[in-house]
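Let me begin by presenting the structure, written as structure tokens, before commenting on it.
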Amino acid sequence: MKLSARIAAPVAALVLAGLTATACAPQTSDTSAKGDEKSGTLRVWLFQEVGNKPKEKVVNEAVAAFEKSHQGTDVEIEYIPVDTRAQRIKAAFNDPKSAPDLIEYGNSDTAGYVKDGGLADVTAEFGAWEEAKDTDPIAKQSVTVGDKVYGAPFFVGVRALYYRTDVFKELGIEPPKSQAELISTAKKVRKAKPDLYGLAVGGAYTYGAMPFIWSHGGEIAGETGGTYKSGINSEKARKGIEAYTSLFGDDNCPAAKCASMGGNATVTAFASGKAAMAIGGDFSHAAVEAGSVKGKYAVVPLPGIAPNSIAPAFAGGNNIGVLKSSSHRTLAVELMKSLTSKKTQAEMFDAMGFLPTYTDVLDNAAKKQPFVAPFVQTLGAGAKFVPASPAWGQIDASLVLPTMFQEIVSGRKDVAQASDDAAKKMDAAFTDAG
């Protein structure tokens, strides 16, 4: 294995690259490979994590095994910064000669990358792969556009409710079992302990807000005949928006401080002891463990509307795909399988805490590490995904939903006007994307 000398410096913690997809490459004229070489060097771009060494170790072992079973083949790994991935991948799509053979990519980028002609259709190989039969349906959805598969899931991530066990014990309260209880509990804590946020929320925390919209029966967008239309201004979606934005105020999380917060900031507030609750992912566990609340918190699924129900969560995560421009298609697909295999995902969970995308491997992970259980329960209850449209990257990058939340909590617009305006922006993006 050749490890590129161009290893990027660590960047801010990855909160699931699939959650913050940005610009996509313009349509390219022809990114198809001109051959299928059975030996040579395979180039792979993976994301650089904070504390990347454990990831490198797992990847190195998988690559060593691959090279041993594929004589005459070398694998060159380059770890690229998450925050500049859009530019790097755009350049790769536009210049196939310098492009890698495989890339790690955020799962909400799939539709955009397919439209750009960058990812190879691996439907046949995925369908014939025995291990793939145990792939979680939501994870498989994240590599599927139309009825074709464009990669293999690498890991999945969902959010649940972190709460302070010491604060709850002191106040004699139990973890909330419904969304109404969640909101009232947050305000009860804030009233008793005004130095704490009851529930840390963020106006820029799109994926923390989505469960409120989905639990009320709302949708981000709907699809008919391949055409998407925003659903963010429907009556049910507005009820969810009202529930989420009701948490911004002096009685829980003051808008002046919380309107600009994103997911990282809300988890940081919890980990540093400034909040009694936060909506965080399985991927937030290490950060919370490293904070001042270590040993004083627990996690339960985020409650839905009905008592003892679970709110639908966004199924984030990353995938690994073969570029259409690869001149080593067969080898690249085999390496994709190796990097996303059950063995590699189990080892990646042990090393990094990334949730496996296979149902059986995920169950084993939950047995090994109790903290995983609430997230597995959340997945099992029915996680949801963003619209599988190439427009989503632009909608997300343009901060359409954060702008809507911030307009509401600042008092500049009411829910109806803000959601109508957001819907118009989303529909324009869907139309532009075709």
Do you know which of Thr245, Ile241, Leu182 makes side chain to side chain contact (heavy atoms under 4.5 Å, CB included) with Phe212?
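Of the listed residues Thr245, Ile241, Leu182, the side chain to side chain contact (heavy atoms under 4.5 Å, CB included) partner of Phe212 is Leu182.
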
Positive for side chain to side chain contact (heavy atoms under 4.5 Å, CB included) with Tyr150, one of Thr123, Val322, Val145, Thr144
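It is Val145; the other options fail the test.
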
Aromatic ring centroids of [X] and [Y] under 6.0 Å?
{"X": "Tyr163", "Y": "Tyr297", "value": "no"}
{"X": "Phe283", "Y": "Phe155", "value": "no"}
{"X": "Tyr207", "Y": "Phe314", "value": "yes"}

[Y] and [X], any side-chain heavy atoms less than 4.5 Å apart:
{"X": "Met348", "Y": "Phe154", "value": "yes"}
{"X": "Glu78", "Y": "Val44", "value": "no"}
{"X": "Tyr105", "Y": "Asn318", "value": "no"}
{"X": "Tyr197", "Y": "Arg190", "value": "yes"}

Is it the case that the side chain of [X] and the backbone of [Y] share a donor-acceptor pair, with hydrogens and angles ignored and the cut-off at 3.5 Å?
{"X": "Thr185", "Y": "Pro176", "answer": "no"}
{"X": "Ser178", "Y": "Glu181", "answer": "yes"}
{"X": "Tyr205", "Y": "Ile279", "answer": "yes"}
{"X": "Ser398", "Y": "Val400", "answer": "no"}
{"X": "Lys236", "Y": "Glu219", "answer": "no"}
{"X": "Ser410", "Y": "Glu407", "answer": "yes"}
{"X": "Glu223", "Y": "Pro387", "answer": "no"}
{"X": "Arg43", "Y": "Ile77", "answer": "no"}

Please determine whether a side-chain nitrogen of the Lys or Arg among Asp166 and Arg164 lies less than 4.0 Å from a carboxylate oxygen of the Asp or Glu.
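The answer is yes: the pair qualifies as a salt bridge.
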
Is it the case that [X] and [Y] place a side-chain donor and acceptor less than 3.5 Å from each other?
{"X": "Glu131", "Y": "Ser341", "result": "no"}
{"X": "Ser419", "Y": "Asn233", "result": "no"}
{"X": "His216", "Y": "Gln179", "result": "yes"}
{"X": "Gln406", "Y": "Ser260", "result": "no"}
{"X": "Asn107", "Y": "Asn319", "result": "no"}
{"X": "Asn52", "Y": "Glu56", "result": "yes"}

Full working for ring-ring contact (aromatic ring centres under 6.0 Å, His included) between Tyr79 and Phe47
CA-CA 5 Å; Tyr79 292 91; Phe47 290 151; 10.0 Å; no

